[in-house]
Amino acid sequence: MVAPVVAVIGVIIGWPLIRGVYLSTTNANEANVERTIGVNHIPATYESVGLENYTTILSDGVFWDRLIWTLVWTVSCVTLSFTLGLALAVMLNRKLKGRTFYRMALILPWAVPAFVSVFTWRLLFNEKNGLFNSLLAGGGIDAIPWLNDPTWAKLSVIAVNVWLGVPFMLIAMLGGLQSIPADLYEAAEMDGANAWQRFRHITLPGLKPVSSTVVLISGIWTFNMFPVIFLLTRGGPGDATEILVTYAYRLSFVVSPRDFAGSAAWGVLILVLLSLFAVVYRRALRKQGDVW
């Protein structure tokens, strides 16, 4: 019964992963890999170099600079997305007029393809003709270099990713809220608990199984969120918004000669970091009483 699933996972995930780990221990690049030019077939001439690529990366300040910004980017996006998603879910879990419309409107960013949303935001952030700077100009405020200043560019990519991530958090939190028995709130209200006490002692504990899972998933997605960074700023200005995964892409597809071995090593390090995060996060949940 599980053989087809195992076969598909082995082909789609297993083989590329093994191939990537192998390439990370070589000096493979655009000039020495196997290739065909016209009728001429040129065999691969790259060689094994052991862990040289990893030692080079870990001893280079570029990796640590990218890692620090990637962590800041991930923590900021997940925290803001979770907070806003939870707040909106609490509001939409109540009976109010037009609730279905509000739910559909808030889920819309998740339904639109990411690249379409990012290109739309890129137009809004345009320094000369964008809507945001046009509104500022109408109020007598100088234009802001949204994507051309390192600080503003970082704030811009975080804002766009939060906008894309809130619907996922909203749906997950709304489902979690609806699974909490209403009897608990009624009993707490009869005992004199105010709104904050009910939220703290009933809502938050009741959402813990859901919130712990979505935070882990969202953290992994955000850590590897390639489209927002690449399509909005391409890692710029300069390399201010470059995260680990976009830099790995740059090594393999942008720079010349393309460094396949270095890109593979960066990919393996990203996998190791995310695996460590998942293990530590899961152990922390178990210590708090969750058997997830």
Side-chain angles (χ1 to χ4, degrees), residues 65-92 102-174 211 214-247 249-250 274 277:
D65 291 341
R66 301 292 182 279
L67 177 60
I68 291 173
W69 160 237
T70 304
L71 292 175
V72 172
W73 147 266
T74 303
V75 172
S76 300
C77 290
V78 174
T79 302
L80 291 172
S81 298
F82 178 80
T83 304
L84 291 174
L86 176 58
L88 291 171
V90 171
M91 288 188 290
L92 292 178
Y102 295 134
R103 288 181 177 180
M104 293 179 60
L106 290 170
I107 293 173
L108 184 62
W110 202 26
V112 178
F115 72 93
V116 175
S117 299
V118 174
F119 282 135
T120 302
W121 278 97
R122 188 177 177 86
L123 292 174
L124 295 175
F125 282 131
N126 187 280
E127 187 173 354
K128 295 182 179 179
N129 303 313
L131 175 63
F132 293 151
N133 280 340
S134 297
L135 293 175
L136 293 176
I141 303 174
D142 294 336
I144 295 176
W146 298 103
L147 304 179
N148 297 318
D149 176 80
T151 301
W152 282 111
K154 290 179 178 179
L155 293 175
S156 299
V157 294
I158 289 174
V160 173
N161 197 62
V162 169
W163 183 80
L164 291 171
V166 164
F168 169 71
M169 292 293 186
L170 168 63
I171 294 174
M173 293 297 102
L174 194 56
S211 61
V214 297
V215 166
L216 175 62
I217 295 174
S218 181
I220 294 174
W221 283 349
T222 305
F223 198 90
N224 283 327
M225 182 54 71
F226 177 85
V228 172
I229 298 290
F230 185 78
L231 297 178
L232 196 62
T233 65
R234 292 192 177 271
D239 56 5
T241 58
E242 193 102 75
I243 59 176
L244 295 178
V245 68
T246 58
Y247 190 79
Y249 171 87
R250 186 179 300 279
L274 289 175
F277 166 70

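The shortest side-chain heavy-atom distance between N148 and E127 falls under the 4.5 Å cut-off. Annotation: side chain of L131 is not in contact with side chain of F125 (no heavy-atom distance under 4.5 Å). Using a 4.5 Å cut-off on side-chain heavy atoms (C-beta onward), W152 and L155 make contact. Side-chain contact between Y249 and V245 is absent, with no heavy-atom pair separated by less than 4.5 Å. Counting heavy atoms from C-beta outward, R122 and L231 have side chains that stay 4.5 Å or more apart. Side-chain contact between S211 and F82: present, with at least one pair of heavy atoms (C-beta onward) separated by less than 4.5 Å. Side-chain contact between D142 and L136 is absent, with no heavy-atom pair separated by less than 4.5 Å. When side chains are defined from C-beta on, V214 counts as touching M169, because their heavy atoms get closer than 4.5 Å.
Counted by atom type alone, N133 and W146 present one or more donor-acceptor pairs between their side chains at under 3.5 Å. For the residue pair T233 and T241, a side-chain donor N or O sits within less than 3.5 Å of a side-chain acceptor on the partner.
Summarising the geometry, atom CG belonging to L67 is positioned 14.0 Å from atom OH belonging to Y247; distances are rounded to the nearest 0.5 Å. Taking CG from N161 and CE from M225, the interatomic distance works out to 5.0 Å, rounded to the nearest 0.5 Å. R234 CZ to E242 CD: the interatomic distance, rounded to the nearest 0.5 Å, is 11.0 Å. W221 CH2 to L274 CG: the interatomic distance, rounded to the nearest 0.5 Å, is 13.5 Å. Note that CD1 of I107 is 11.0 Å distant from CG of L88, once rounded to the nearest 0.5 Å. The CD1 atom of I158 sits 7.0 Å away from the CH2 atom of W73 when rounded to the nearest 0.5 Å.
Closest approach of V162 to S81, counting heavy atoms only: CA-OG, 3.6 Å. Taking both residues in full, the closest heavy atoms of P237 and P150 are given as CG-N, 3.6 Å, listed atom of the first, atom of the second, then distance. Listed here is the closest heavy atom pair of C77 and T222: CB-CG2, 3.7 Å. G130 and S134 get closest at one heavy-atom pair: O-OG, 2.8 Å. Of all non-hydrogen atoms in T79 and V75, the two that sit nearest each other are OG1-O, 2.7 Å.
Counting heavy-atom neighbours within 6.0 Å of F226 CZ, excluding the residue itself, gives a total above 12.
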Verdict with supporting geometry, F132 and W121, side chain to side chain contact (heavy atoms under 4.5 Å, CB included): CA-CA 10 Å; F132 293 151; W121 278 97; 3.6 Å; yes
* Full working for side chain to side chain contact (heavy atoms under 4.5 Å, CB included) between L92 and L170 -> CA-CA 9 Å; L92 292 178; L170 168 63; 4.1 Å; yes
#### Entry: S117 vs V160, side chain to side chain contact (heavy atoms under 4.5 Å, CB included): CA-CA, chis, key distance, verdict
CA-CA 9 Å; S117 299; V160 173; over 6 Å; no
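Of the possible polar contacts, one joining the T246 side chain to the I243 backbone as a donor-acceptor pair under 3.5 Å is found.
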